[in-house]
Amino acid sequence: MQTIFHFDVIVIGAGHAGCEAAAAAAKMGAETCLVTMDMNKIAQMSCNPAVGGIAKGQIVREIDALGGQMGEVTDATAIQFRMLNRSKGPAMWSPRAQCDRARFIWEWRKRLENTPNLSIWQDEATEILTENNEVIGIRTLWGAELRGKSVVITAGTFLNGLMHVGKTKVPGGRCAEPAATKLTHSISALGIEHARMKTGTPVRIDKRSVHLEEMTEQPGETDFHRFSFISPARPLPQLPCWTCETNEKVHEVLRSGLKDSPLYNGQIQSIGPRYCPSIETKLVTFPDRDHHPLFLEPEGIDTNELYLNGFSSSLPMNVQIEALKQMSCFRDIRVYRPGYAIEYDFFPPTQLKHTLESKKIKGLFFAGQVNGTTGYEEAGGQGIVAGINAALKCTGNDEFTLKRDEAYIGVLIDDLVTKGVDEPYRMFTSRAEYRILLRQDNADMRLTPYAQKYGLASSKRTERLEQKKKEIGLIEDFCRNFPVKAAKINPFLESVGTTPLAGGTRIFDLINRPQLSLASLSSEIKEFKKLLDSITEEKEETMEAAEIEMKYHGYIARERALADKMQRLEDIRIANHFNYEKLTQLSTEARQKLSAIKPETLAQASRIPGVSPSDISVLLVLLGR
């Protein structure tokens, strides 16, 4: 007899996308079931035990601002924190943290197991159940039937996953974990296209065998910066990383193994990530380089396992080890396991709406690497959007989407569903045309109102945001109105190497100078210091946010005006207006792309590769504009 369980939302896969999706849906009141093949590997960091990085760190801040969990879990398990790109403007600042891999898993599991409305089911999903092109649930390997109004697929690299080390091929979704071999067939039977991608991971090294004294130590930062807007100080000991470089002897050994590389002997046909290439790809792509940087990173505070960033490889294991031994610091190296490549199924994301719901099957959502992305952060960002929309679908409420000028998550999803992917998608600051608006410091100001709207913001988060807004307003008002006399401030200005004043001014005008900061000016203006001293909670974060808003107010205003201008195209909806194949005024490529993607707005159509400005003009005319 069939065992049937009833839920509102079912999430398949407990990786970073699945955890965020399940937590969000449950917090919104939807009875949610998270299906995973191994409860001990929830939110496993399959590759680098690190969160954040260039643009990725901004995404994690946005997940946190939306009421997600990744930022808080990262802060609770971080063993090294750094703010990248500090030499550039604040639009480029990106937080990154090394985490304790094991503690990260258990912190996530603890949170999920104590989330109301959330159940966990350990099993393998094998079939999507539908009626009249609408999802009604799933069937599992053990014969359970889970019924639901929404299903979110976040299966990562597990769908027909195949791992490669040299000529050896082993089915699996991760090292020592089985692949999911039935679900892709069920999904494709619904008329949803699938394809293959590839990613990889490097060797893991025993710290006791490394001559760390011959490497360059890289300490972290211990200032006020964190990932979550509401986390307390990082509780774990902060550890260093180490850097070194390959040499020509290393490269000679690696080249000798290229004939047995799955990437170059025809064994792997799928496309790998351009911006996280294997070491063998680096040798082939940059043949004139005689060295490449490597970063040795700890996996936790209670383990000797180290991660060798920059040495991802699927070469035979003896080649990997022998190559590393050509470096003095690794001459006595012992490894826990070699690097490997993995191929897996994904579903081209142009088949999705901006809500991440399938265009073919109502109530079926996709998030994470199954959409052709790479990275925990990109997965988590998609996961929380899919989870919110899956919960909204159950009640028939409005859909939740983010625009390109609202969030990096909005840029990510718009790129996926509008442009598609021909390689694993990775977020960069350069992908966002409004990155001055999308800084890591103001993610809460941009997105926490959505968290409040959907019941994802705790009282602590709401109170913190309101206090921050109030305090930033007080600082800005004081700086705009408080008069500064030249005679009093000029000695200080000259001492820090900036031009003295000819007459009186306001702090707001002074703060634009790169040599000055709110903190330095408060040391000279006692009334201003008194105001800043009244900020007791998260003082440094509030001051930094206020200072950025004032220093860059001209650039921010200009970019806001550009975004508002583009919004006029976003407001012109064209979904279901045209049969593009019959519009001979459009180019052949435009007709093909528009017919395949079916953009919802004119702005989305303008971002589709192959759709020219003249094609957009034709559509405007046809719309009566």
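In this text the structure is predicted, and so the values were computed from the model without any measurement.
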Q: Q567: what forms a side chain to side chain contact (heavy atoms under 4.5 Å, CB included) with it, not counting sequence neighbours?
A: K403, E570, D571
Q: Kindly determine whether R61 and D441 satisfy salt bridge (Lys or Arg N to Asp or Glu O under 4.0 Å), including the steps that lead there.
A: CA-CA 8 Å; R61 293 280 273 177; D441 66 275; over 6 Å; no
Q: Would you find a donor on one side and an acceptor on the other, under 3.5 Å apart, between the side chain of R274 and the backbone of E423?
A: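 No: the side chain of R274 does not pair with the backbone of E423.
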Q: I need the minimum non-hydrogen distance between A451 and G67, along with the two atoms involved.
A: CB-N, 4.1 Å
Q: Measure the CD1-CZ distance between I413 and R404 for me, rounded to the nearest 0.5 Å.
A: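 Going from CD1 on I413 over to CZ on R404, the span is 11.5 Å.
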Q: Using side-chain heavy atoms (C-beta onward) and a distance below 4.5 Å, is Q267 in contact with H164?
A: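 Yes, close enough: below the 4.5 Å cut-off.
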Q: Are the side chains of E280 and L283 in touch, meaning some heavy atoms are under 4.5 Å apart?
A: no
Q: Under the criterion salt bridge (Lys or Arg N to Asp or Glu O under 4.0 Å), I'd like the reasoning laid out for E549 against R439: C-alpha separation, chi angles, the key distance, then a yes or no.
A: CA-CA 10 Å; E549 288 286 342; R439 307 181 310 276; 2.9 Å; yes
Q: Are more than 12 heavy atoms, taken from residues, nucleotides or ligands other than M566, located less than 6.0 Å from that residue's CE atom?
A: no
Q: Please step through side-chain contact (heavy atoms from CB on, under 4.5 Å) for the pair F7 and V9, ending with a clear verdict.
A: CA-CA 6 Å; F7 300 95; V9 175; over 6 Å; no
Q: Can you name the side chain to side chain contact (heavy atoms under 4.5 Å, CB included) partners of L562, sequence neighbours left out?
A: Y434
Q: Could you tell me whether the side chain of K593 and the main chain of P609 form a donor-acceptor pair under 3.5 Å?
A: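 Side chain of K593 to backbone of P609, a donor-acceptor pair under 3.5 Å: yes, one is there.
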Q: Begin with the C-alpha distance, continue with both residues' side-chain angles, and end with the deciding distance and a verdict on salt bridge (Lys or Arg N to Asp or Glu O under 4.0 Å) for D405 and R560.
A: CA-CA 8 Å; D405 64 338; R560 180 75 267 160; 2.3 Å; yes
Q: Does the distance from a Lys or Arg side-chain N to an Asp or Glu carboxylate O, for R591 and D615, drop under 4.0 Å?
A: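 Salt bridge flag = no for D615 with R591.
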Q: Can a cation-pi geometry be assigned to R431 and Y425, taking NZ or CZ under 6.0 Å from the six-membered ring centre and within 45° of the ring axis?
A: yes
Q: With distance as the sole test, does T157 use its side chain to make a donor-acceptor pair with the main-chain N or O of G173 at under 3.5 Å?
A: yes
Q: Less than 4.5 Å apart, side chain to side chain, heavy atoms only: is that true for R289 and K282?
A: no
Q: Go through E357 and K362 one step at a time and tell me if the salt bridge (Lys or Arg N to Asp or Glu O under 4.0 Å) criterion holds.
A: CA-CA 7 Å; E357 183 183 17; K362 294 179 180 179; over 6 Å; no
Q: Closest approach of L416 and P349, non-hydrogen atoms and distance?
A: O-CG, 3.4 Å
Q: Quick one: do the S595 and E581 side chains pair a donor with an acceptor below 3.5 Å?
A: yes
Q: More than 12 foreign heavy atoms under 6.0 Å from CD1 of I271: is that the case here?
A: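 No, CD1 of I271 has 12 or fewer neighbouring heavy atoms, counting only those of other groups under 6.0 Å.
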Q: Shortest non-hydrogen contact from L118 to A22?
A: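 Closest approach of L118 to A22, heavy atoms only: CD1-CB, 3.9 Å.
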Q: Hey, does Q382 have a side-chain heavy atom less than 4.5 Å from the side chain of L356?
A: yes
Q: Do I128 and V135 have side chains that get closer than 4.5 Å, going by heavy atoms?
A: yes
Q: Would you call the rings of F5 and W121 parallel, tilted or perpendicular, taking 30° and 60° as the class edges?
A: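 Ring orientation of F5 relative to W121: tilted.
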Q: Would you please name every residue forming a side chain to side chain contact (heavy atoms under 4.5 Å, CB included) with P449, sequence neighbours left out?
A: Q452, L465
Q: Evaluate side-chain contact (heavy atoms from CB on, under 4.5 Å) for Y450 paired with E406, printing each intermediate quantity in order.
A: CA-CA 11 Å; Y450 285 120; E406 286 186 298; 2.5 Å; yes
Q: If you draw a 6.0 Å radius around NZ in K88, do more than 12 non-hydrogen atoms from other residues or ligands fall strictly inside?
A: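 No, because the 6.0 Å sphere around NZ of K88 holds 12 heavy atoms or fewer from other groups.
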Q: Checking side-chain hydrogen bond (donor to acceptor under 3.5 Å, both in side chains) against H354, which of D414, T601, T401 comes through?
A: D414
Q: Answer whether the closest heavy-atom distance between the side chains of L619 and Y580 falls below 4.5 Å.
A: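 Yes. Closest side-chain heavy atoms under 4.5 Å.
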Q: Just checking, any donor-acceptor pair under 3.5 angstrom between side chains of Q440 and S94?
A: no
Q: Rounded to the nearest 0.5 Å, how far does OG of S430 lie from CE of M92?
A: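 These two atoms lie 7.5 Å from each other.
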Q: In terms of side-chain heavy atoms, does S46 have a donor or acceptor partner in R174 at a distance below 3.5 Å?
A: yes
Q: Below 4.0 angstrom, N of the basic side chain to O of the carboxylate: do E62 and R446 qualify?
A: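 Answer for the salt bridge query: yes.
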Q: Would you name the heavy atoms of K359 and T350 that are closest together and state the gap between them?
A: NZ-O, 3.1 Å
Q: Could you tell me how the ring of F286 sits relative to the ring of H292: parallel (under 30°), tilted (30 to 60°) or perpendicular (over 60°)?
A: tilted
Q: Is any side-chain heavy atom of F346 closer than 4.5 Å to a side-chain heavy atom of P348?
A: yes
Q: For the CD atom on Q585, are there more than 12 heavy atoms of other groups (residues, nucleotides or ligands in this structure) within a distance under 6.0 Å?
A: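 Yes, CD of Q585 has more than 12 neighbouring heavy atoms, counting only those of other groups under 6.0 Å.
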Q: Could you tell me whether K169 atom NZ has more than 12 heavy atoms of other residues or ligands within 6.0 Å of it?
A: no
Q: Salt bridge or not between E343 and K198? Use side-chain N to carboxylate O under 4.0 Å.
A: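 Not counted as a salt bridge, because no side-chain N and carboxylate O are separated by less than 4.0 Å.
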Q: Is it true that atom CG of N579 has more than 12 heavy atoms of other residues, nucleotides or ligands lying nearer than 6.0 Å?
A: yes
Q: So, taking the atom named CG in L146 and the one named CD1 in I138, what distance separates them when rounded to the nearest 0.5 Å?
A: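 Interatomic distance, L146 CG to I138 CD1, rounded to 0.5 Å: 4.5 Å.
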Q: Are V51 and E377 close enough, and set up right, to give a side-chain contact (heavy atoms from CB on, under 4.5 Å), and what steps lead you there?
A: CA-CA 7 Å; V51 171; E377 304 82 4; 4.2 Å; yes
Q: E20 and side chain to side chain contact (heavy atoms under 4.5 Å, CB included): which partner among V11, V385, I384?
A: I384
Q: Which heavy atom in D64 sits nearest to a heavy atom in S228, and how many Å separate them?
A: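 The pair with the smallest heavy-atom distance is OD1-OG, 2.7 Å.
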Q: Side chains of T355 and N389: any donor to acceptor distance under 3.5 Å?
A: no
Q: Testing the 3.5 Å rule here: is there a donor-acceptor pair between the side chains of N117 and T32?
A: no
Q: Would you say Q351's side chain and E193's backbone share a donor-acceptor pair under 3.5 angstrom?
A: yes
Q: Let's go through I616 and L602 carefully: what are the C-alpha distance in whole Å and the side-chain angles of both, what is the deciding distance for side-chain contact (heavy atoms from CB on, under 4.5 Å) to 0.1 Å, and is it a yes or a no?
A: CA-CA 7 Å; I616 296 301; L602 202 60; 4.1 Å; yes
Q: Take the angle between the ring planes of Y454 and F400 and call it parallel below 30°, perpendicular above 60°, tilted in between.
A: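 Answer is perpendicular, since the angle exceeds 60°.
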Q: Give a yes or no answer on whether the side chain of S270 reaches the backbone of R196 with a donor-acceptor pair at less than 3.5 Å.
A: no
Q: Is the closest side-chain heavy-atom distance between L66 and I409 below 4.5 Å?
A: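 In short, these two side chains touch, coming nearer than 4.5 Å.
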Q: Check whether any side-chain N or O of T154 sits under 3.5 Å from a backbone N or O of I12 as a donor-acceptor pair, and report yes or no.
A: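 Between the backbone of I12 and the side chain of T154 there is a qualifying donor-acceptor contact (under 3.5 Å).
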Q: Identify the heavy atoms of A55 and Y408 that sit nearest to each other, and give their distance.
A: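 Minimum heavy-atom contact is CB-CE2, 4.2 Å.
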Q: Report yes or no: does S188 contribute a side-chain atom to a donor-acceptor pair with the main-chain N or O of H185 at less than 3.5 Å?
A: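 The answer is yes, because a donor-acceptor pair under 3.5 Å joins these two groups.
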